[in-house]
Amino acid sequence: MTTLADLTATTPGLPCRTTPDLWFSTDPIERHDAAQQCRQCPLLLDCMRYALANDEQHGVWGGVDFEARGCGSDRGFRAHRTRGEQPCPMCQAAHDEAVEADRRRLLAVAHAAGGTVRGYWMHRRLGEEACVPCKRAQARKSAERRRAVRAAAERPVAVLGDRRAVEPAPGAPAGVQAA
């Protein structure tokens with residue numbers, strides 16, 4: 001099997017071999033220039049495959065600035081998904097951490113409000129038992145839904161030929177039918 005090192009050794013005049021500092025610069029503009037120079041390289045795809053296979057995190061490989069990809073961050077996770085790639089373990093971990101932090105932030109807002117239905121579900125998504133105020137908010141919401149279903153079931157239904165019409169709810173404006 002031919003390696004990338006073999007290919008670069010047998011392909012003279014590659015800019016990445018003549019000025020390698022540009023490909024590993026800390027300056028994003030220089031890395032962008034290096035990526036532009038890669039676009040004409042006959043080893044473009046081989047170089048990129050090598051970088052992906054070896055989990056390269058720094059430098060420009062195959063016309064891609066791997067530092068700008070943001071691997072190891074939630075941004076990197078989204079970049080992987082945009083490109084249709086399976087996120088690397090570092091990006092997956094960063095994404096999971098960002099999701100949990102956002103859920104904890106929403107949970108803090110729910111607790112500041114004295115417990116909410118959303119807070120109840122944030123507890124559940126975080127894999128923990130809901131606190132008492134959030135459980136109470138969820139219980140109130142469930143009771144409201146049960147009352148609404150019972151009220152809808154108790155409303156009389158008028159039969160009009162082959163169609164059924166629901167009688168308007170008491171106090172509803174004329175011409176408006178309850179569902």
task = Determine whether more than 12 heavy atoms belonging to other residues, nucleotides or ligands lie under 6.0 Å from atom CD of Glu97.
result =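 No, not enclosed.
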
More than 12 heavy atoms from other groups under 6.0 Å of CD on Glu144 =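 More than 12 heavy atoms, drawn from other residues, nucleotides or ligands, come within 6.0 Å of this atom.
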
Joint cluster assignment, [X] & [Y], ILVMFWY side-chain distance < 4.5 Å:
X      : Y      : result
Leu43  : Leu45  : no
Leu22  : Met48  : yes
Val109 : Leu126 : no

inquiry  = As a quick check of understanding, evaluate side-chain contact (heavy atoms from CB on, under 4.5 Å) for Gln37 and Val60, giving each step before the final call.
reply    = CA-CA 10 Å; Gln37 291 181 37; Val60 176; over 6 Å; no

How close do [X] and [Y] get, heavy atom to heavy atom, and via which atoms?
X      : Y      : answer
Cys38  : Gly62  : CB-C, 4.3 Å
Cys134 : Gly115 : SG-CA, 3.8 Å
Ala110 : Gly119 : CB-CA, 3.5 Å
Gln138 : Trp121 : OE1-NE1, 3.4 Å
Cys91  : Gly76  : SG-C, 3.7 Å

ask   = Can we say Arg104 and Glu100 salt-bridge, meaning some charged N sits less than 4.0 Å from an Asp/Glu carboxylate O?
value =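 The answer is yes: the pair qualifies as a salt bridge.
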
What's the spacing between [X] [atom1] and [Y] [atom2] if we round to 0.5 Å?
X      : Y      : atom1 : atom2 : result
Asp33  : Trp23  : CG    : CH2   : 9.0 Å
Arg125 : Leu107 : CZ    : CG    : 11.5 Å
His32  : Asp27  : NE2   : CG    : 11.5 Å
Cys41  : Arg39  : SG    : CZ    : 12.0 Å
Thr82  : Arg75  : OG1   : CZ    : 10.5 Å
His123 : Leu106 : NE2   : CG    : 11.5 Å

task = Scan His111, Arg103, Glu128 and name whichever one has a side chain to side chain contact (heavy atoms under 4.5 Å, CB included) with Met122.
result =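 Answer after filtering His111, Arg103, Glu128: Arg103.
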
inquiry  = Quick one, Arg78 and His95 - any side-chain contact, counting heavy atoms below 4.5 Å?
reply    =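 Contact flag for Arg78/His95 side chains = no.
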
task = Verify, without hydrogens or angle tests, whether Arg31 (side chain) and Gly59 (backbone) share a donor-acceptor contact under 3.5 angstrom.
result =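 Between the backbone of Gly59 and the side chain of Arg31 there is no qualifying donor-acceptor contact (under 3.5 Å).
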
Exercise: do Asp96 and Gln92 side chains pair donor with acceptor under 3.5 Å =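 Yes, side-chain donor-acceptor contact under 3.5 Å.
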
query = Of all residues at least two apart in sequence or in a different chain, which pass the ring-ring contact (aromatic ring centres under 6.0 Å, His included) check with Tyr50?
reply =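 Once residues adjacent in sequence are excluded, the partners of Tyr50 under the ring-ring contact (aromatic ring centres under 6.0 Å, His included) criterion are Trp61.
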
